There are 2 protein chains.
Amino acid sequence: MKENPFPHFPAARGHSAKRTSILEAAARVFCREGFTGANIDLIAAEAGVSRQTVYNHHGDKENLLLAVIKDITDRSNAGLFATLATFPDQPKDLEAELIAFAVRLNQNCICSKDGKFLRKLIESEGERNPELFAGWRDEGPLKTWSALAARFARLAYSGHLEIDDPDVAARQFLALINADLQLQAMFGEIATDEQIRSAATNAVRTFLRAYRPRVEKPAPAHVSA
Amino acid sequence: MKENPFPHFPAARGHSAKRTSILEAAARVFCREGFTGANIDLIAAEAGVSRQTVYNHHGDKENLLLAVIKDITDRSNAGLFATLATFPDQPKDLEAELIAFAVRLNQNCICSKDGKFLRKLIESEGERNPELFAGWRDEGPLKTWSALAARFARLAYSGHLEIDDPDVAARQFLALINADLQLQAMFGEIATDEQIRSAATNAVRTFLRAYRPRVEKPAPAHVSA
DNA sequence: ATAAATTTAGACACGCTTGTCTAATTCGTC
DNA sequence: GACGAATTAGACAAGCGTGTCTAAATTTAT
């Protein structure tokens with residue numbers, strides 16, 4: 001209601017700074033303690049803000065949770081699709097480029113603070129808010145899978161890969177990427193760059209052993225040996 | 001204190017039945033609502049028991065959570081190692097037997113009610129009880145990985161597979177097994193037998209494309225072509 | 001410097017949950 | 001049928017968390 005009806009100026013500077021810090025603190029606390037376990041006083045304290053300010057910005061607790069999820073979702077999706085755009089469509093060195101892509105995917109999307117928060121929040125609260133879960137699934141994993149599947153299909157068409165079902169290949173690629181990192185992801189620990197690189201290397205090596213064409217260059221005509 | 005000091009009879013029949021039903025209900029509610037969100041009245045109601053009985057059996061709420069986790073962990077580990085024992089050590093049809101093994105693993109351990117409960121409980125409460133998380137990790141995933149890695153190493157030694165790092169192969173096998181089921185697992189839905197079989201087939205097919213020996217039978221001498 | 005908007009600390013009512021206690025009731029056994 | 005153990009319903013105090021309110025202090029823009 002009292003947000004800022006007309007934008008003579010987008011918002012007071014301290015105002016939006018506090019809004020941000022509230023959302024960040026709330027995300028941390030919701031993740032750590034769960035919705036019911038998170039208490040507003042703690043969120044306010046971690047945000048360096050008074051309790052009343054939290055209520056001024058976001059109404060009640062339920063609303064705050066939704067704001068947190070929307071905030072993280074938006075940022076997370078932006079990062080995700082920016083990263084997907086760097087997929088190696090016309091690779092010179094497929095293995096190296098896929099590894100680099102996998103590293104980016106892990107760093108920017110899956111192992112990032114946002115990515116982990118979002119997954120844990122959805123997993124904790126999804127059972128109580130089915131439409132929340134459905135929305136996340138449709139906009140997150142399902143879109144990721146289908147986008148990635150399209151890229152892999154292209155690589156198959158251009159003869160770089162030999163793939164029966166691109167959707168399966170996409171899911172397997174993502175599963176392999178995380179095979180070595182799942183345990184760390186479950187706890188608070190953030191994966192080292194070295195660990196991420198190693199995980200990506202292992203994953204891509206196996207993925208390519210499975211999906212690299214077995215006969216040399218059965219490519220579609222316009223690629224000549 | 002008032003459990004049953006001497007076992008003239010192990011415990012009243014209704015007594016242990018109620019204990020079981022309390023643990024089951026508590027597991028459900030803790031999973032659904034989180035530790036703080038779970039309330040004893042609800043657990044008692046779902047167990048078909050009075051609130052006081054819950055306190056009689058398990059002291060306070062914290063204690064009840066520990067009892068639930070211990071209960072599920074024990075059952076879960078028993079199933080896990082029973083299933084691991086059915087690994088195809090001397091396969092005639094490696095692909096078929098690995099698929100069957102993967103199906104058993106998913107049905108008995110990963111997609112089972114206990115498996116899902118345990119994972120969600122640990123993920124929710126692990127951050128607040130580090131030793132809980134550590135115990136689960138050491139007894140669950142780490143042991144699974146190492147047991148599975150040993151089996152794969154054996155298959156590699158006998159020439160059925162060509163594996164650089166058996167630990168990596170084991171993690172990748174498990175990751176592939178779940179690639180198609182992760183989303184369903186996150187929600188309440190239980191995977192169909194058909195889905196589990198299909199997921200296992202996809203996984204094993206890819207796994208074997210990656211790890212089956214490329215040159216025919218470079219086996220260790222005693223296997224003759 | 002002044003006026004408007006925002007933030008703050010604190011107090012407050014209200015509801016819910018935990019854990020205990022008691023007295024009545026049911027259950028299993030002899 | 002009678003006994004003891006377990007279970008039950010209900011009341012209860014104490015603590016905590018939410019959300020509201022007020023009056024003072026602080027920030028921001030004019």
Side-chain angles (χ1 to χ4, degrees), chain A residues 1-26 28-68 124-125 128, chain B residues 1-26 28-68 124-125 128:
Chain A
M1 292 182 173
K2 50 185 59 176
E3 268 314 56
N4 62 332
F6 18 68
H8 20 48
F9 253 42
R13 205 165 54 96
H15 191 68
S16 76
K18 280 180 197 303
R19 165 175 289 266
T20 302
S21 110
I22 290 172
L23 286 175
E24 278 173 8
R28 266 197 310 274
V29 176
F30 277 137
C31 267
R32 208 169 55 228
E33 324 274 352
F35 179 72
T36 325
N39 90 358
I40 306 278
D41 285 351
L42 185 55
I43 293 174
E46 273 197 37
V49 154
S50 85
R51 177 172 65 252
Q52 185 59 39
T53 300
V54 177
Y55 283 104
N56 286 344
H57 278 269
H58 299 102
D60 64 2
K61 197 180 177 184
E62 186 71 32
N63 218 313
L64 176 57
L65 174 67
L66 296 181
V68 166
S124 304
E125 311 305 328
R128 308 175 56 67
Chain B
M1 292 181 173
K2 49 186 60 176
E3 269 314 55
N4 63 335
F6 19 70
H8 22 49
F9 253 39
R13 205 165 54 96
H15 191 68
S16 77
K18 279 179 197 304
R19 165 174 287 268
T20 303
S21 111
I22 290 172
L23 287 175
E24 278 174 6
R28 268 196 309 273
V29 176
F30 277 137
C31 268
R32 208 170 55 227
E33 323 275 354
F35 178 74
T36 326
N39 92 357
I40 306 278
D41 285 353
L42 185 54
I43 292 175
E46 273 198 37
V49 153
S50 85
R51 175 172 65 253
Q52 186 59 40
T53 301
V54 177
Y55 283 105
N56 286 345
H57 278 269
H58 301 102
D60 65 3
K61 198 180 175 182
E62 186 72 30
N63 219 311
L64 176 57
L65 175 68
L66 296 181
V68 167
S124 304
E125 311 305 329
R128 308 176 55 68

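All of these numbers come straight from a predicted model, not from anything done at the bench. Protein chains get the first letters and strands the later ones, always in sequence-line order, with residue 1 at the start of each.
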For nucleotides 23-26 of chain C, tabulate all protein N/O to nucleotide N/O atom pairs closer than 3.5 Å, reporting atom names and distance.
none

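Here salt bridge (Lys or Arg N to Asp or Glu O under 4.0 Å) pairs that include residues 34-43 of chain A, with residues two or more places apart or in two chains, are A/Asp41-A/Arg51. Screening residues 28-49 of chain B for ring pair (Phe, Tyr, Trp, His ring centres under 6.0 Å) gives B/Phe30-B/Phe35 as the qualifying pairs, with residues at least two apart or on separate chains.
In this structure, A/Gln52 places its CD atom 13 Å from P of C/dT6, rounding to the nearest Å. The distance between atom CZ of B/Phe35 and atom C1' of C/dT18, rounded to the nearest whole Å, is 11 Å. In this structure, A/Arg19 places its CZ atom 15 Å from C1' of C/dT7, rounding to the nearest Å. Straight-line distance from the OH atom of B/Tyr55 to the C1' atom of D/dA9: 15 Å, rounded to whole Å. Separating the CG atom of A/Leu64 from the C1' atom of D/dT18 is a distance of 13 Å, rounded to the nearest angstrom. In this structure, CG of B/Asn56 is placed 13 Å from P of C/dG19, rounded to the nearest angstrom. Rounded to an integer number of Å, the gap from B/His57 NE2 to D/dA5 P is 16 Å. Computed from coordinates, the B/Phe30 CZ to C/dT17 P distance equals 14 Å when rounded to whole Å.
Contact detail for A/Ile40 and A/Val54: the closest heavy-atom pair is CG2-CG1, 4.1 Å.
In this view, A/Ser50 and A/Thr53 satisfy the side-chain hydrogen bond (donor to acceptor under 3.5 Å, both in side chains) rule, not counting sequence neighbours. For A/Glu33, the side-chain hydrogen bond (donor to acceptor under 3.5 Å, both in side chains) criterion is met by B/Arg128, not counting sequence neighbours. Listed by chain and number, the residues in a side chain to side chain contact (heavy atoms under 4.5 Å, CB included) with B/Asn63 are B/Asp60 (sequence neighbours excluded). Taking the side chain to side chain contact (heavy atoms under 4.5 Å, CB included) definition, one finds that A/Ala25 meets it with A/Arg28, A/Ile43, A/Glu46, A/Ala47, sequence neighbours left out. Not counting sequence neighbours, the partners of A/Thr20 by the side chain to side chain contact (heavy atoms under 4.5 Å, CB included) test are A/Glu24.
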With B for base contact, S for sugar-phosphate-only contact and - for none (protein heavy atoms under 4.0 Å), nucleotides 12-17 of chain D reads -----S
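Note on the helix from C/dA1-D/dT30 to C/dC30-D/dG1: terminal axis deviation equals 40°, with five pairs used at each end and the result rounded to 10°.
Note that the NZ atom of A/Lys61 and the OG1 atom of A/Thr36 stand 6.0 Å from one another [nearest 0.5 Å].
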Could you walk me through whether B/Arg32 and B/Leu42 satisfy the side chain to side chain contact (heavy atoms under 4.5 Å, CB included) test, starting with their C-alpha distance in whole Å, then the side-chain angles of each, then the deciding distance to 0.1 Å, before giving a yes or no?
CA-CA 12 Å; B/Arg32 208 170 55 227; B/Leu42 185 54; 3.9 Å; yes
Start with the C-alpha gap between A/Val68 and A/His58, add the side-chain angles, then the distance that decides, and say whether side chain to side chain contact (heavy atoms under 4.5 Å, CB included) holds.
CA-CA 10 Å; A/Val68 166; A/His58 299 102; over 6 Å; no
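Listed pair A/Thr53 / C/dT8 meets the phosphate criterion, a side-chain N or O lying under 4.0 Å from OP1 or OP2. Between B/Lys18 and D/dT8, a side-chain N or O to OP1/OP2 separation shorter than 4.0 Å is present.
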